[in-house]
Amino acid sequence: MSKFENLNLANCLVRALKEKGYETPTPIQADAIPPILKGQDLVGCAQTGTGKTAAFAIPTLHRLLTTGKRNATGGKKHKLIRALVLAPTRELAVQIGESFSAYSRFSKLRHAVVYGGVSQIPQVRKLRAGVDSLIATPGRLLDLIEQGHVDLSNIEVLIFDEADQMLDMGFIPDLRKIEKHCPDKRQTLMFSATMPPAIRKLAGEWLHKPANVQTARVSAPAANIHQSVYFVERRQKARLLELLLNSSATGRTLVFSRTKHGADKIVKFLHKGKIRAAAIHGNKSQSARQKALAQFKSPSPPVLVATDIAARGLDISDVSHVINYDLPETPETYVHRIGRTARAGASGQAVSFVTSDAVYTLRGIEKLTRRKIDVATDHPELTSDVAPAPTVAQGKSFRRGSKAPWKQRRQTTATSKSDNKNRRAGKPDQPSAAGAVSKGSAKRKRRRPAGRK
Ligand code: AMP
């Protein structure tokens with residue numbers, strides 16, 4: 001593979017890359033940098049961790065360095081914003097800004113990062129001083145445009161990073177408005193981990209004859225991640241988490257919760273058990289989020305409990321364990337989550353807690369990744385109540401309303417501790433989660449309109 005030195009990049013960029021220790025472009029860089037340098041539009045289907053930031057940042061900085069354009073306003077040479085990067089979250093924007101700083105450190109190029117949730121005053125001050133590129137989250141950028149602090153009429157390169165996440169977060173209307181402020185004649189680059197139809201449509205509207213580059217499918221988790229699942233009842237999850245954190249040699253550990261409230265509750269529970277933990281999610285202030293991240297990157301990191309919104313796109317090295325306290329709603333998100341570990345060739349552990357109502361999701365994950373995930377059995381005191389993993393093959397033959405394989409087993413194996421307790425107390429049996437499945441399907445049957453079988 002050719003080296004960065006052979007790509008005819010500006011010397012100051014090659015020097016900065018050398019200082020960063022980058023010698024050989026990653027596959028996405030090798031594929032994307034040459035067409036971008038030629039001025040082509042590009043769609044890159046790539047996850048974070050593949051080196052995609054440098055794939056767009058390096059050729060963009062090269063263009064800014066080698067095709068000078070400055071205007072003279074008020075007798076002073078004034079910088080124009082010539083490149084705009086749009087990113088879904090503050091953390092990702094900050095991270096991209098750090099990459100721009102590192103790659104442009106031996107040049108006079110300047111950039112600003114703007115995002116919401118903090119005072120706009122320092123951001124406006126930086127913009128006034130003049131920047132060549134701007135990295136922004138959509139909402140704050142629109143505010144600043146409306147107030148007249150940002151002029152996008154000189155944009156030469158427009159970059160959408162993590163486009164599918166911006167779609168998920170409802171930013172498309174904002175992106176449409178922002179795009180209208182940019183000149184039609186420009187280079188447009190779009191990076192996305194997945195390519196849902198809405199993103200393809202936008203790419204069709206905004207990009208002109210783009211080059212397409214793609215890295216490993218999102219359905220392929222790194223081979224060096226050991227994946228396992230625990231079947232556990234909802235009420236036992238917190239204890240299981242505590243036990244795992246105390247009993248196994250976990251290093252930097254990232255725990256995923258489905259909700260913000262859930263993330264806070266997990267942190268509280270861990271604190272009670274004297275386990276250092278911090279939460280990171282959309283309801284936290286910007287400073288709390290940055291603080292949690294900084295602590296997590298430090299040599300003695302607390303357990304970081306995150307929601308998907310806050311965690312995607314973050315480049316944190318040396319994560320030894322990813323724990324899915326709740327399985328995500330889509331199998332693709334599972335692959336993103338566990339991709340936080342085993343980065344840069346290291347190995348990692350991905351552990352998931354699966355309640356009976358999440359077995360469908362697990363099956364979807366196994367189908368997407370074409371691999372059966374090992375069932376962990378090392379904490380039987382917490383997991384014996386729960387069924388074994390239904391296999392993909394079992395899943396195919398299972399239909400809603402019929403007896404689920406795990407339910408069949410529940411009925412034939414020993415009664416659970418809670419059932420026994422209830423019986424002793426003379427209470428009727430609590431409906432089990434498996435029971436809830438059949439109750440739900442009964443409801444669905446009732447709701448079915450007359451005349452439909
Ligand atoms: P990204 O996918 O942009 O989040 O990058 C993932 C990680 O790979 C970051 O820590 C980068 O610093 C690192 N990286 C990017 N390009 C290279 C390269 N050519 N050689 C070594 N490391 C790289």
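Each ligand, and each atom within it, is numbered from 1 in the order the structure gives.
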Looking at ligand 1, would Thr24 count as a contact under a 4.0 Å heavy-atom criterion?
yes
Does an N or O anywhere in Gln29 fall below 3.5 Å from an N or O of ligand 1?
yes
What part of Glu23 sits under 4.0 Å from ligand 1 if we count only heavy atoms: the side chain, the backbone, both or neither?
neither
Output all residues satisfying side-chain contact (heavy atoms from CB on, under 4.5 Å) with Pro138, sequence neighbours left out; order by chain, then residue number.
Met166, Phe171, Asp174, Leu175, Ile178
Name all residues meeting the side-chain contact (heavy atoms from CB on, under 4.5 Å) criterion together with Arg125; count only those two or more places apart in sequence or in a different chain, and write none if there are none.
Ile121
Decide whether an N or O pair under 3.5 Å exists between Lys20 and ligand 1.
no
Can you tell me which portion of Leu17 lies within the under-4.0 Å heavy-atom range of ligand 1? Options are side chain, backbone, both, or neither.
neither
Over all atoms of both residues, closest heavy-atom pair of Tyr115 and Thr137
CA-OG1, 3.2 Å
Using the ring-ring contact (aromatic ring centres under 6.0 Å, His included) rule, take Phe56 and Phe191 through it: C-alpha gap first, then chi angles, then the decisive distance, then the call.
CA-CA 9 Å; Phe56 64 75; Phe191 287 83; 5.4 Å; yes
Within the 4.0 Å heavy-atom shell around Thr53, which atoms of ligand 1 are there?
1 (P), 3 (O), 4 (O)
Enumerated ligand 1 atoms positioned under 4.0 Å from heavy atoms of Phe4
19 (N)
Using the six-membered ring wherever Trp is involved, compare the ring planes of Trp206 and Phe160 and label them parallel, tilted or perpendicular (cut-offs 30° and 60°).
parallel
Start with the C-alpha distance between Ser133 and Ile135, add both sets of side-chain angles, then the distance that settles side chain to side chain contact (heavy atoms under 4.5 Å, CB included), and finish with yes or no.
CA-CA 7 Å; Ser133 17; Ile135 297 132; 5.6 Å; no
